[in-house]
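One structure below.
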Amino acid sequence: MKLPFEMQEFTRINLDTTINSGQVFLWDKIDGVWYGVNGTEILRVRQNPFEIISSQKKPSDFFRQDDNIEKILNEINKDNLVRSAVKRFPGLRLLRQDPFQCYISFICSSNSSIQNIKQMLKRLCHKFGKETYFEGREFFTFPDAEKLTNTHVKDLLSCGLGFRAKYVKEAARAAYSGSIEFDFLKKIDYNSAKQDLKEIYGIGNKVADCILLFSLEKLEAFPIDIWTQRILQKYYSKKFSGLAEKSLTEKNYESIHKKILEYFGQYAGYSQQFLFKMERDLNKRNWL
DNA sequence: TCATCACCTGGAGA
DNA sequence: ATCTCCAGGTGAT
(Lines give C-alpha, C1' and ligand atoms only; values in the text may rest on other atoms or scores of the structure.)
Protein backbone atom coordinates (compact mmCIF):
# COMPACT_ATOMS: atom_id res chain seq x y z
CA MET A 1 0.00 0.00 0.00
CA LYS A 2 1.38 3.36 -0.99
CA LEU A 3 1.79 6.03 1.57
CA PRO A 4 -0.82 8.67 0.87
CA PHE A 5 0.35 12.25 0.75
CA GLU A 6 -2.72 14.15 1.67
CA MET A 7 -1.82 16.24 4.65
CA GLN A 8 -1.77 19.98 4.35
CA GLU A 9 1.94 19.91 5.01
CA PHE A 10 2.51 18.45 1.57
CA THR A 11 -0.07 20.37 -0.38
CA ARG A 12 0.90 23.86 0.75
CA ILE A 13 3.56 25.51 -1.38
CA ASN A 14 6.85 26.17 0.36
CA LEU A 15 8.39 29.21 -1.29
CA ASP A 16 11.93 28.89 0.04
CA THR A 17 12.19 25.27 -1.00
CA THR A 18 10.60 25.82 -4.38
CA ILE A 19 12.51 28.91 -5.39
CA ASN A 20 15.76 27.40 -4.15
CA SER A 21 15.48 24.25 -6.18
CA GLY A 22 17.38 25.33 -9.24
CA GLN A 23 14.43 26.08 -11.49
CA VAL A 24 14.55 29.85 -11.39
CA PHE A 25 17.35 32.34 -11.16
CA LEU A 26 15.91 35.83 -10.92
CA TRP A 27 14.42 35.72 -7.45
CA ASP A 28 15.48 37.57 -4.32
CA LYS A 29 14.21 37.47 -0.77
CA ILE A 30 14.00 40.92 0.72
CA ASP A 31 12.84 41.39 4.29
CA GLY A 32 11.24 37.98 4.27
CA VAL A 33 9.35 38.53 1.02
CA TRP A 34 10.19 36.99 -2.35
CA TYR A 35 10.43 39.11 -5.49
CA GLY A 36 10.92 37.61 -8.91
CA VAL A 37 11.10 38.40 -12.59
CA ASN A 38 8.97 36.31 -14.94
CA GLY A 39 9.28 37.73 -18.43
CA THR A 40 7.65 41.15 -18.31
CA GLU A 41 5.86 40.25 -15.12
CA ILE A 42 7.18 41.04 -11.65
CA LEU A 43 5.94 38.96 -8.75
CA ARG A 44 5.89 39.63 -5.04
CA VAL A 45 5.17 36.59 -2.94
CA ARG A 46 4.82 36.13 0.77
CA GLN A 47 4.72 32.80 2.58
CA ASN A 48 2.71 33.61 5.66
CA PRO A 49 0.01 34.51 5.06
CA PHE A 50 0.40 33.13 1.56
CA GLU A 51 -0.07 35.94 -0.91
CA ILE A 52 0.90 36.52 -4.53
CA ILE A 53 0.94 39.98 -6.03
CA SER A 54 1.61 40.38 -9.73
CA SER A 55 2.50 43.48 -11.69
CA GLN A 56 0.08 42.30 -14.36
CA LYS A 57 -3.65 42.69 -14.39
CA LYS A 58 -3.87 39.13 -15.49
CA PRO A 59 -1.30 37.25 -13.42
CA SER A 60 0.26 34.06 -14.71
CA ASP A 61 -0.24 30.90 -12.73
CA PHE A 62 3.44 30.86 -11.92
CA PHE A 63 3.12 28.53 -8.97
CA ARG A 64 1.02 25.95 -10.76
CA GLN A 65 -1.74 26.13 -8.21
CA ASP A 66 -3.92 24.28 -10.66
CA ASP A 67 -1.81 21.15 -10.26
CA ASN A 68 -3.44 18.32 -8.36
CA ILE A 69 -0.42 17.90 -6.13
CA GLU A 70 -1.95 15.14 -4.08
CA LYS A 71 -2.50 13.04 -7.15
CA ILE A 72 0.95 13.85 -8.50
CA LEU A 73 2.76 12.97 -5.28
CA ASN A 74 0.94 9.71 -5.00
CA GLU A 75 1.72 8.88 -8.58
CA ILE A 76 5.47 9.48 -8.38
CA ASN A 77 5.63 7.70 -5.04
CA LYS A 78 7.30 4.58 -6.42
CA ASP A 79 10.03 3.86 -3.90
CA ASN A 80 11.57 4.83 -0.59
CA LEU A 81 13.93 7.33 -2.14
CA VAL A 82 11.22 9.45 -3.69
CA ARG A 83 9.12 8.99 -0.59
CA SER A 84 11.85 10.36 1.64
CA ALA A 85 12.55 13.23 -0.76
CA VAL A 86 8.89 14.22 -0.74
CA LYS A 87 8.80 14.00 3.03
CA ARG A 88 11.95 15.98 3.38
CA PHE A 89 10.85 18.80 1.09
CA PRO A 90 7.14 19.27 1.63
CA GLY A 91 5.77 22.06 -0.50
CA LEU A 92 8.33 21.75 -3.28
CA ARG A 93 6.63 22.50 -6.57
CA LEU A 94 7.41 22.83 -10.21
CA LEU A 95 6.93 26.32 -11.56
CA ARG A 96 5.34 27.59 -14.74
CA GLN A 97 7.84 30.04 -16.17
CA ASP A 98 7.73 32.50 -18.98
CA PRO A 99 8.91 30.37 -21.93
CA PHE A 100 11.27 32.84 -23.53
CA GLN A 101 13.00 33.64 -20.25
CA CYS A 102 13.23 29.96 -19.38
CA TYR A 103 14.63 29.18 -22.83
CA ILE A 104 17.37 31.80 -22.60
CA SER A 105 18.07 31.01 -18.95
CA PHE A 106 18.83 27.38 -19.52
CA ILE A 107 20.85 28.03 -22.63
CA CYS A 108 22.96 30.17 -20.32
CA SER A 109 23.15 27.40 -17.76
CA SER A 110 25.42 25.14 -19.76
CA ASN A 111 28.69 24.34 -18.04
CA SER A 112 28.13 27.07 -15.51
CA SER A 113 27.28 27.38 -11.84
CA ILE A 114 24.02 28.62 -10.42
CA GLN A 115 25.68 31.68 -8.97
CA ASN A 116 27.13 32.49 -12.35
CA ILE A 117 23.89 31.92 -14.18
CA LYS A 118 22.14 34.32 -11.83
CA GLN A 119 24.75 36.95 -12.52
CA MET A 120 24.50 36.56 -16.26
CA LEU A 121 20.72 36.80 -16.28
CA LYS A 122 20.65 39.71 -13.88
CA ARG A 123 23.01 41.60 -16.12
CA LEU A 124 20.97 40.72 -19.19
CA CYS A 125 17.90 42.24 -17.54
CA HIS A 126 19.74 45.28 -16.34
CA LYS A 127 21.23 45.95 -19.73
CA PHE A 128 18.38 45.00 -22.05
CA GLY A 129 15.24 44.75 -19.93
CA LYS A 130 12.77 47.49 -19.10
CA GLU A 131 13.13 49.37 -15.88
CA THR A 132 9.88 49.21 -13.93
CA TYR A 133 8.67 50.10 -10.49
CA PHE A 134 6.56 47.70 -8.55
CA GLU A 135 5.51 47.75 -4.92
CA GLY A 136 7.91 50.57 -4.25
CA ARG A 137 10.93 48.87 -5.73
CA GLU A 138 12.90 49.04 -8.94
CA PHE A 139 13.06 46.01 -11.22
CA PHE A 140 14.25 45.16 -14.68
CA THR A 141 12.05 42.89 -16.77
CA PHE A 142 13.51 40.08 -18.83
CA PRO A 143 14.37 41.34 -22.33
CA ASP A 144 12.16 40.10 -25.15
CA ALA A 145 13.20 38.19 -28.27
CA GLU A 146 13.28 41.28 -30.43
CA LYS A 147 15.57 43.13 -28.07
CA LEU A 148 18.02 40.26 -27.79
CA THR A 149 17.94 39.65 -31.52
CA ASN A 150 18.98 43.20 -32.20
CA THR A 151 21.83 43.30 -29.75
CA HIS A 152 25.47 42.80 -30.63
CA VAL A 153 27.29 39.73 -29.43
CA LYS A 154 29.87 41.91 -27.74
CA ASP A 155 27.14 43.41 -25.57
CA LEU A 156 26.05 39.93 -24.60
CA LEU A 157 29.66 39.15 -23.80
CA SER A 158 29.75 42.13 -21.50
CA CYS A 159 27.05 40.42 -19.47
CA GLY A 160 29.47 37.58 -18.83
CA LEU A 161 27.82 35.04 -21.11
CA GLY A 162 31.10 33.88 -22.59
CA PHE A 163 30.74 31.21 -25.25
CA ARG A 164 26.97 31.20 -24.62
CA ALA A 165 26.60 34.65 -26.14
CA LYS A 166 26.40 33.30 -29.68
CA TYR A 167 23.85 30.71 -28.57
CA VAL A 168 21.65 33.35 -26.98
CA LYS A 169 21.81 35.63 -29.97
CA GLU A 170 20.89 32.86 -32.35
CA ALA A 171 18.18 31.45 -30.07
CA ALA A 172 16.62 34.88 -29.68
CA ARG A 173 16.57 35.28 -33.43
CA ALA A 174 14.84 31.93 -33.84
CA ALA A 175 12.15 32.97 -31.39
CA TYR A 176 11.76 36.41 -32.90
CA SER A 177 11.54 35.16 -36.47
CA GLY A 178 8.97 32.58 -35.49
CA SER A 179 11.00 29.56 -36.47
CA ILE A 180 10.43 28.49 -32.89
CA GLU A 181 7.01 29.21 -31.40
CA PHE A 182 6.35 28.47 -27.75
CA ASP A 183 2.56 28.43 -27.88
CA PHE A 184 2.84 25.84 -30.59
CA LEU A 185 5.34 23.78 -28.63
CA LYS A 186 2.92 23.76 -25.72
CA LYS A 187 0.28 22.15 -27.89
CA ILE A 188 2.29 19.41 -29.52
CA ASP A 189 3.56 16.31 -27.77
CA TYR A 190 6.72 16.02 -25.71
CA ASN A 191 8.88 14.28 -28.31
CA SER A 192 8.00 16.61 -31.16
CA ALA A 193 8.51 19.70 -29.04
CA LYS A 194 11.85 18.41 -27.83
CA GLN A 195 12.99 17.68 -31.33
CA ASP A 196 12.14 21.22 -32.38
CA LEU A 197 13.98 22.74 -29.45
CA LYS A 198 17.08 20.71 -30.15
CA GLU A 199 17.33 22.29 -33.56
CA ILE A 200 18.36 25.46 -31.80
CA TYR A 201 22.08 26.16 -31.58
CA GLY A 202 23.04 25.71 -27.93
CA ILE A 203 20.20 23.41 -26.93
CA GLY A 204 20.86 19.76 -26.27
CA ASN A 205 18.92 17.09 -24.41
CA LYS A 206 19.29 18.50 -20.94
CA VAL A 207 18.50 22.11 -21.71
CA ALA A 208 15.58 21.09 -23.89
CA ASP A 209 14.12 19.05 -21.05
CA CYS A 210 14.44 21.94 -18.61
CA ILE A 211 12.62 24.27 -20.96
CA LEU A 212 9.91 21.69 -21.61
CA LEU A 213 9.41 20.91 -17.94
CA PHE A 214 9.61 24.40 -16.50
CA SER A 215 7.76 26.38 -19.11
CA LEU A 216 6.04 24.25 -21.74
CA GLU A 217 3.74 22.01 -19.74
CA LYS A 218 5.65 18.82 -20.40
CA LEU A 219 5.65 17.24 -16.96
CA GLU A 220 7.04 13.98 -18.30
CA ALA A 221 10.31 15.72 -19.12
CA PHE A 222 13.10 14.51 -16.84
CA PRO A 223 16.26 16.59 -17.31
CA ILE A 224 19.35 14.46 -16.84
CA ASP A 225 22.36 16.47 -15.76
CA ILE A 226 25.42 15.50 -13.79
CA TRP A 227 23.42 15.36 -10.55
CA THR A 228 20.56 13.34 -11.94
CA GLN A 229 23.12 11.00 -13.39
CA ARG A 230 24.70 10.54 -10.00
CA ILE A 231 21.30 9.84 -8.51
CA LEU A 232 20.55 7.23 -11.14
CA GLN A 233 23.90 5.57 -10.63
CA LYS A 234 23.72 5.62 -6.86
CA TYR A 235 20.16 4.46 -6.37
CA TYR A 236 18.70 3.14 -9.58
CA SER A 237 21.43 1.24 -11.36
CA LYS A 238 19.69 -2.07 -10.71
CA LYS A 239 16.21 -0.93 -11.61
CA PHE A 240 17.34 0.57 -14.88
CA SER A 241 19.52 -2.37 -15.83
CA GLY A 242 22.85 -0.62 -15.85
CA LEU A 243 21.86 2.08 -18.27
CA ALA A 244 22.79 4.81 -15.86
CA GLU A 245 26.37 3.65 -15.77
CA LYS A 246 26.98 4.40 -19.39
CA SER A 247 27.90 7.83 -20.61
CA LEU A 248 25.17 10.15 -21.66
CA THR A 249 25.07 9.75 -25.40
CA GLU A 250 22.13 10.73 -27.54
CA LYS A 251 20.72 7.22 -27.72
CA ASN A 252 21.42 6.52 -24.10
CA TYR A 253 19.71 9.65 -22.90
CA GLU A 254 16.60 8.73 -24.83
CA SER A 255 16.70 5.19 -23.58
CA ILE A 256 17.04 6.28 -19.97
CA HIS A 257 14.17 8.69 -20.32
CA LYS A 258 11.98 5.98 -21.72
CA LYS A 259 12.62 3.77 -18.71
CA ILE A 260 12.18 6.67 -16.32
CA LEU A 261 8.85 7.46 -17.88
CA GLU A 262 7.71 3.87 -17.57
CA TYR A 263 8.78 3.81 -13.97
CA PHE A 264 7.69 7.21 -12.63
CA GLY A 265 4.81 7.86 -15.00
CA GLN A 266 3.46 11.00 -16.64
CA TYR A 267 4.67 13.25 -13.81
CA ALA A 268 8.26 12.06 -13.95
CA GLY A 269 9.45 15.66 -14.00
CA TYR A 270 8.12 16.15 -10.50
CA SER A 271 10.11 13.18 -9.25
CA GLN A 272 13.21 14.66 -10.82
CA GLN A 273 12.68 17.92 -8.95
CA PHE A 274 12.45 16.18 -5.59
CA LEU A 275 15.39 13.88 -6.20
CA PHE A 276 17.54 16.68 -7.55
CA LYS A 277 16.77 18.91 -4.60
CA MET A 278 17.60 16.16 -2.16
CA GLU A 279 20.88 15.19 -3.79
CA ARG A 280 22.05 18.78 -4.03
CA ASP A 281 21.16 19.53 -0.44
CA LEU A 282 22.97 16.39 0.61
CA ASN A 283 26.10 17.75 -0.99
CA LYS A 284 25.61 21.10 0.71
CA ARG A 285 28.46 23.45 -0.07
CA ASN A 286 26.10 26.38 -0.66
CA TRP A 287 24.93 25.34 -4.06
CA LEU A 288 22.56 28.28 -4.40
C1' DT B 1 27.34 6.17 -33.34
C1' DC B 2 30.65 7.15 -29.79
C1' DA B 3 34.52 9.24 -27.15
C1' DT B 4 37.28 13.52 -26.57
C1' DC B 5 38.01 18.10 -26.17
C1' DA B 6 37.60 23.17 -26.15
C1' DC B 7 34.87 26.64 -24.38
C1' DC B 8 33.93 32.19 -21.40
C1' DT B 9 33.85 33.48 -16.79
C1' DG B 10 33.87 33.93 -11.87
C1' DG B 11 34.34 31.96 -7.46
C1' DA B 12 36.23 28.54 -4.25
C1' DG B 13 40.00 26.04 -2.59
C1' DA B 14 44.97 24.93 -2.58
C1' DA C 1 48.87 36.65 -3.86
C1' DT C 2 48.57 33.48 -7.65
C1' DC C 3 47.12 29.43 -9.52
C1' DT C 4 44.26 25.59 -10.56
C1' DC C 5 40.01 23.66 -10.95
C1' DC C 6 35.34 23.29 -11.79
C1' DA C 7 30.51 24.51 -12.58
C1' DG C 8 23.02 21.71 -13.62
C1' DG C 9 26.31 21.00 -21.35
C1' DT C 10 26.89 21.56 -26.20
C1' DG C 11 29.09 21.51 -30.64
C1' DA C 12 32.89 20.18 -33.46
C1' DT C 13 36.33 16.71 -34.64
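Comparing atom distances between the A:Asn116 side chain and each of B:dG10, B:dT1, C:dT10 picks out B:dG10 as nearest. Distances from the side chain of A:Ser247 to the nucleotides C:dG11, B:dA3, B:dC8 place B:dA3 closest. Minimum atom distance to the side chain of A:Lys251 is reached by B:dT1, of the listed C:dG8, B:dC8, B:dT1. For A:Val207, whose side chain is taken as the heavy atoms from C-beta onward, the closest listed nucleotide among C:dT10, C:dG11, C:dG8 is C:dT10. Nearest nucleotide to the A:Arg123 side chain, out of C:dT10, B:dC8, B:dG10: B:dG10.
Between A:Tyr103 and A:Phe100, the ring planes are tilted. Angles from 30° to 60° get that label. Using a 30° and 60° split on the angle between ring planes, A:Phe140 and A:His126 fall in the tilted class, from 30° to 60°.
The gap from the P atom of B:dA3 to that of C:dG8 amounts to 24 Å, rounded to the nearest Å. Comparing the same atom, P, in B:dC5 and in C:dC6 gives a spacing of 14 Å after rounding to whole Å. For C:dA1 and B:dT9, the P atoms lie 23 Å apart once the distance is rounded to whole Å. Taking atom P on both C:dT13 and B:dC8, the two are 14 Å apart, rounded to the nearest angstrom.
As judged by a 4.0 angstrom heavy-atom cut-off over every strand, A:Lys166 is placed among residues touching the sugar-phosphate backbone only. Contact annotation for A:Ile200: backbone-only contact, meaning every heavy-atom pair under 4.0 Å involves sugar-phosphate atoms and none involves a base. A:Ser21 comes within 4.0 angstrom of a nucleotide base, judged by non-hydrogen atoms across all strands. Residue contacts for A:Phe276: at a heavy-atom cut-off of 4.0 Å it reaches a base atom on one of the strands shown. Heavy atoms of A:Glu279 sit nowhere under 4.0 angstrom from any nucleic acid atom.
Between A:Arg164 and C:dT10 there is no side-chain polar atom (N or O) within less than 4.0 angstrom of OP1 or OP2. OP1 and OP2 of C:dG8 both lie 4.0 Å or more from every side-chain N or O belonging to A:Ser109.
Here the closest heavy-atom approach between residue A:Gly22 and residue A:Phe106 is recorded as O-CZ, 3.9 Å.
With the nearest nucleotide of DNA chain C identified for both A:Lys198 and A:Ser113, A:Ser113 has the one nearer the 5' end.
Regarding A:Arg230, its CZ atom lies at a distance of 11 Å from the P atom of C:dC6, rounded to whole Å. Here the C1' atom of nucleotide C:dG9 and the CG atom of A:Asp209 are 13 Å apart, to the nearest Å. One can place CD of A:Glu250 at 16 Å from P of C:dG9, the figure rounded to the nearest angstrom. Taking atom CD1 on A:Ile114 and atom P on C:dC6, their separation rounds to 18 Å, with Å as the unit. At whole-Å resolution of the value, CZ in A:Phe163 and C1' in B:dC5 are 13 Å apart. For A:Glu199 and C:dG11, the CD to P distance is 10 Å, given to the nearest whole Å. Atom P of nucleotide B:dT9 and atom CG of A:Leu161 are separated by 9 Å, given to the nearest angstrom. In this entry the distance linking CG of A:Asn111 with C1' of B:dG10 reads 12 Å, nearest Å.
Residues A:Gln273 and A:Ile76 have side chains not in contact (no heavy-atom distance under 4.5 Å, counting atoms from C-beta outward). Proximity of A:Arg88 to A:Leu282: side-chain heavy atoms (C-beta onward) are separated by under 4.5 Å at one or more points.
Less than 6.0 angstrom separates the ring centroid of A:Trp27 from the ring centroid of A:Phe62.
Using the Watson-Crick or G-U wobble rule with both distances under 3.5 Å, B:dC8 pairs with nothing in any strand shown.
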Exercise. Run the numbers on A:Tyr35 and A:Phe134 for ring pair (Phe, Tyr, Trp, His ring centres under 6.0 Å), then give the verdict.
Key: CA-CA 10 Å; A:Tyr35 295 87; A:Phe134 174 63; 7.3 Å; no

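A donor-acceptor contact under 3.5 Å is not formed by the side chain of A:Lys206 with the base of C:dG9.
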